[in-house]
J.: 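Pasting a structure here, questions to come.
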Amino acid sequence: MVILGIETSCDECSAAVVKDAREVLSNVIATQIELHKPYQGVVPELASRLHTEWIEQVVDAALKKANVEKEDLDAVAFTNRPGLLGSLLVGVNFAKCFAYTLGIPFIGIDHIRAHLYASQIENPLEYPYLGVLVSGGHTVICRVNSYDSVDVLGTTIDDAIGEAFDKVAKFYDLGYPGGVVIDRMSKTGDANAFAFPGPSMDREKHPYDMSYSGLKTAVINQKDRFLLPGHEDTKENIAASFQRQAVNIIMKMVKKALNDTGLKRVSAGGGVAANSLLRAELKDLEKNGYTVTFPSLKLCTDNGAMVAGLAYNYLKDGKSDDIRVSASARVSAFKKF
Ligand code: KG4
Ligand code: ZN
């Protein structure tokens, strides 16, 4: 089954052609980073305008790169929730028309599930496993039972982890996109220069939940309080100390969840799964007998391949949408949101 996957939920305009869920024939990602750089954050209206300009070319490029004619496609999949509404609508409407005129099935895909699925494309992992979803909009620890069944164990109760990276980078004018820059700067910084605090949560009420707004506030508004004697107040040290604590917060919950659930396999996904410290810490779990997978860097951030990959599973099970399918900014298959 050859599927075209379209992703326009935020600031990446992406189209991919994937065969039988595993063979990525093309995965074209046109990034809007330069457009949003002056604002150090995604401007929704600008994002949707550029998606409108680019979508056709991006799809053409994906077909060409895959050496596939549109008539050879078996189905079209597209992200339709959650995300920026205007941006989503561009992909949804383009994809529906495209598939409709070709007379082939189409299906709207949940962006969060697609991130969680991404690692399965390159490194299939047996279900169930502990899913770690870390992106600009979500921070979730869950039990993944199948491609379509997920039990949420914990989420952030305020900011998402990627949002915290982006806001710290913006405040200190470190560069854009924030997560990538902090990851890079941290390599030359001292992670022990600042003792930034983690959240103190009521673990009875929130067994696996996380919080990032306290850490963000400490780094932005009170950093001097946390500088340890004998250490320097440099941007690299702020970045490295912040990253250390941001990763600690989620790793603590990952370890607790693994311990409590008895799950032996872990897989991460989403933009922050590209973070080198988080990847190293997750990989380290293998020393304790866990199997750990995450997507290659290109499949961590938003991309069409994960959309087509996940869609294959639904279509194989006979599920698809009709022409009424639309975009939704918030509704996610994860009830908790
Ligand atoms: O999954 P994604 O592309 O879009 C959303 O669904 O949100 O994730 C984007 C997020 C941004 O917050 C970005 O700063 C973060 O992923 N990110 C990183 C890294 N690469 C991207 N955060 C930390 N380290 C990285 N290497
Ligand atoms: Zn995403």
Side-chain angles (χ1 to χ4, degrees), residues 5-14 16 27 29-33 36-37 39-42 44 47 78-84 87-88 91 109-119 131-140 155-156 159-172 174-187 189 191 212 215-216 219 239-240 242-251 268-282 294-307 309-310 329-330 332 334 337:
I6 293 178
E7 157 63 47
T8 62
S9 68
C10 191
D11 61 336
E12 315 284 8
C13 190
S14 176
N27 187 21
I29 303 172
T31 179
Q32 301 184 353
I33 286 176
H36 301 288
K37 207 179 235 173
Y39 312 95
Q40 295 196 46
V42 178
F78 46 91
T79 303
N80 74 329
R81 63 193 190 276
L84 302 174
S87 293
L88 284 168
I109 291 291
D110 183 306
H111 185 69
I112 312 304
R113 281 185 199 278
H115 271 310
L116 269 177
Y117 184 81
S119 65
V132 182
L133 170 77
V134 278
S135 72
H138 294 85
T139 311
V140 183
T155 67
T156 178
D159 292 354
I161 182 170
E163 195 182 344
F165 271 89
D166 295 340
K167 285 182 176 163
V168 166
K170 183 174 180 175
F171 183 84
Y172 287 107
L174 303 180
Y176 181 82
V180 179
V181 177
I182 288 182
D183 193 353
R184 195 173 55 230
M185 283 183 86
S186 296
K187 295 195 193 317
Y212 279 93
L215 170 61
K216 177 196 70 187
V219 177
F242 159 75
Q243 178 178 271
R244 174 70 273 165
Q245 185 56 276
V247 169
N248 270 355
I249 291 172
I250 190 143
M251 282 308 298
V272 186
N275 183 266
S276 56
L277 180 63
L278 181 60
R279 287 170 93 88
E281 296 263 310
L282 284 168
F294 23 68
S296 58
L297 295 183
K298 207 176 168 188
L299 293 188
C300 284
T301 42
D302 294 347
N303 67 87
M306 66 184 187
V307 178
L310 175 56
R330 293 211 160 267
S332 167
F334 287 92
F337 306 124

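In each ligand, atom 1 is the first atom listed, and ligand 1 is the first ligand listed. Quick caveat, the model's predicted, so the values are computed rather than measured. One-based numbering along the sequence shown.
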J.: Would you say S14 and N303 are linked by a side-chain donor-acceptor pair, where the criterion is simply a distance under 3.5 Å?
T.: no
J.: Mind checking whether A274 has a heavy atom under 4.0 Å from ligand 1?
T.: yes
J.: Can a non-hydrogen atom of E12 be found less than 4.0 Å from any atom of ligand 1?
T.: no
J.: Using a 4.0 Å cutoff against the non-hydrogen atoms of G137, which atoms of ligand 1 qualify?
T.: 7 (O)
J.: Could you walk me through whether N248 and R244 pass the side chain to side chain donor-acceptor pair (under 3.5 Å) test, one step at a time?
T.: CA-CA 6 Å; N248 270 355; R244 174 70 273 165; 2.8 Å; yes
J.: Report, in ascending order of atom number, the atoms of ligand 1 lying under 4.0 Å from any heavy atom of G136.
T.: 5 (C), 7 (O), 8 (O), 9 (C), 10 (C), 12 (O)
J.: For K170, check salt bridge (Lys or Arg N to Asp or Glu O under 4.0 Å) against everything at least two apart and list the hits.
T.: none
J.: What protein N/O/S atoms are found closer than 2.8 Å to the Zn ion (ligand 2)?
T.: H111 NE2, H115 NE2, D302 OD1
J.: To which of T31, L297, V272 does the heavy atom nearest atom 15 (C) of ligand 1 belong?
T.: V272
J.: Looking at residues at least two apart in the chain, or sitting in another chain, which of them share a side-chain contact (heavy atoms from CB on, under 4.5 Å) with F171?
T.: I220
J.: Please identify which atoms of ligand 1 are closer than 4.0 Å to at least one heavy atom of D166.
T.: 11 (C), 12 (O), 13 (C), 14 (O)
J.: Looking only at non-hydrogen atoms, which of V180, D302, L133, T79 approaches atom 3 (O) of ligand 1 most closely?
T.: D302
J.: Is there a side-chain contact between L277 and D183, using heavy atoms and a 4.5 Å cut-off?
T.: no
J.: Taking both backbone and side-chain atoms of H115, is any N or O found less than 3.5 Å from an N or O belonging to ligand 1?
T.: yes
J.: Output yes when the distance from some N or O of ligand 1 to some N or O of T301 is under 3.5 Å, and no in every other case.
T.: no
J.: When you measure from atom 21 (C) of ligand 1 to each heavy atom in A273, G271, G162, G179, which option holds the nearest one?
T.: G271
J.: Do H138 and T156 have side chains that get closer than 4.5 Å, going by heavy atoms?
T.: no
J.: Checking Q245 now: which residues fulfil side-chain hydrogen bond (donor to acceptor under 3.5 Å, both in side chains) with it, not counting sequence neighbours?
T.: none
